[in-house]
Structures are given as C-alpha cells and as structure tokens.
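To start, I am sharing the structure in question, which I have written as structure tokens.
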Amino acid sequence: MKKFLLLLLPLSLITVSLFYVKVSSSENKGRKYYEEAGQILWEIQTDEKIIALTFDDGPHRKYTAEILDVLDKYNAKATFFIVGQNAEKNPELITRMYDEGHELANHTYTHPLRTNVTNLMKEIQQTDEVIAGITGYQPTLFRP
Ligand SMILES: [Zn+2]
C-alpha cells in the first residue's frame, strides 16, 4: 500500500496546496517526480471556494472534544493527524472522529522532533495499528 506523506496548507479559498516530506530515500527527486508518480499532491485546482481543515498532535481530551463539537455544529469535516500515544490515551475521541466522518491520519507515535528512517517507519506502523485497532480503519495519510 502506498503511504502518502503530506501537509495540507490552505493557501486561499480557491486553492488547497499539499506539501510533502519524503522519508524513504535520501535523494530528493523533486516535486515533478512525485507528482508524475502520483505519490504527492501539491495543489488542487478548483473554481469552488473550498478549504481543508487539519488538526495535528491530538487527540487531546479537552481541546479535541471541543473541536469536534464545533465541526459538528457547522457540519464540517476535517483531517486529524493523530499521534499514536495520544490515541491510546483517548480512544473514545478516535472513535468519535471516525463515527462523525472525519479523516484519520498518521502523525507518528511519539511525535519525535528528530529521528531516523528506521524509527520513523516503526512510529508510522505503530500509529497505524493503534488507529486500526480502535476503528478498523487503516490511515492512508501521513504528516511528518
Ligand atoms: Zn505535530
């Protein structure tokens, strides 16, 4: 299965830009290579006024619950980049995110600021397993 590495940053109401950080190779092949390979998506051109909402580092017992309440109030969906160890502490929030139709995505297990590729791949796998263990859903997005 392909693992997409990306950051979503809404640059305007019209364009949603997706950036990536590559972890599987030490050689930087550049944007063109990854776009043509279909592995990374930088931008989505659209005439619609859209925005992508993303939240990192949770779930947090208080703040994530509040975010979910606001999203529910406005019938909005978001992508949550989840830290695995926080998911283990708050499985009810992971279940709520999933049940309410939000995208569950991987943001490592311990949120290390520096690591090596071997450890990073373990962190990604570990968080995928935590999320899948709670929801049955296998994340396809990763934010470094
Ligand atoms: Zn983070």
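In each ligand, atom 1 is the first atom listed, and ligand 1 is the first ligand listed. Values below: all heavy atoms of this structure, side chains included; hydrogens, waters and symmetry mates excluded.
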Note to self: Test of understanding: with salt bridge (charged side-chain N to carboxylate O under 4.0 Å, His left out), list the residues that count as partners of K73, not counting sequence neighbours.
What the structure shows: none
Check: Got a sec, which pairs hit salt bridge (charged side-chain N to carboxylate O under 4.0 Å, His left out) with one end in residues 100-125, sequence neighbours left out?
Finding: R96-E100
Checklist line | Under 3.5 Å: donor-acceptor pair, side chain of H102, backbone of A78 | finding: yes
Notebook entry, point to check: What are the protein N, O or S atoms, given as residue plus atom name, that sit under 2.8 Å from the Zn ion (ligand 1)?
Noted result: D57 OD1, H107 NE2, H111 NE2
Next item on the list: Check side chain to side chain donor-acceptor pair (under 3.5 Å) between D99 and all other residues, then give those that pass, not counting sequence neighbours.
Entry: none
Check: Are the side chain of N90 and the backbone of H60 linked by a donor-acceptor contact shorter than 3.5 Å?
Finding: no
Margin query: Closer than 4.0 angstrom, basic N to acidic O: yes or no for R61 and E66?
Written below: no
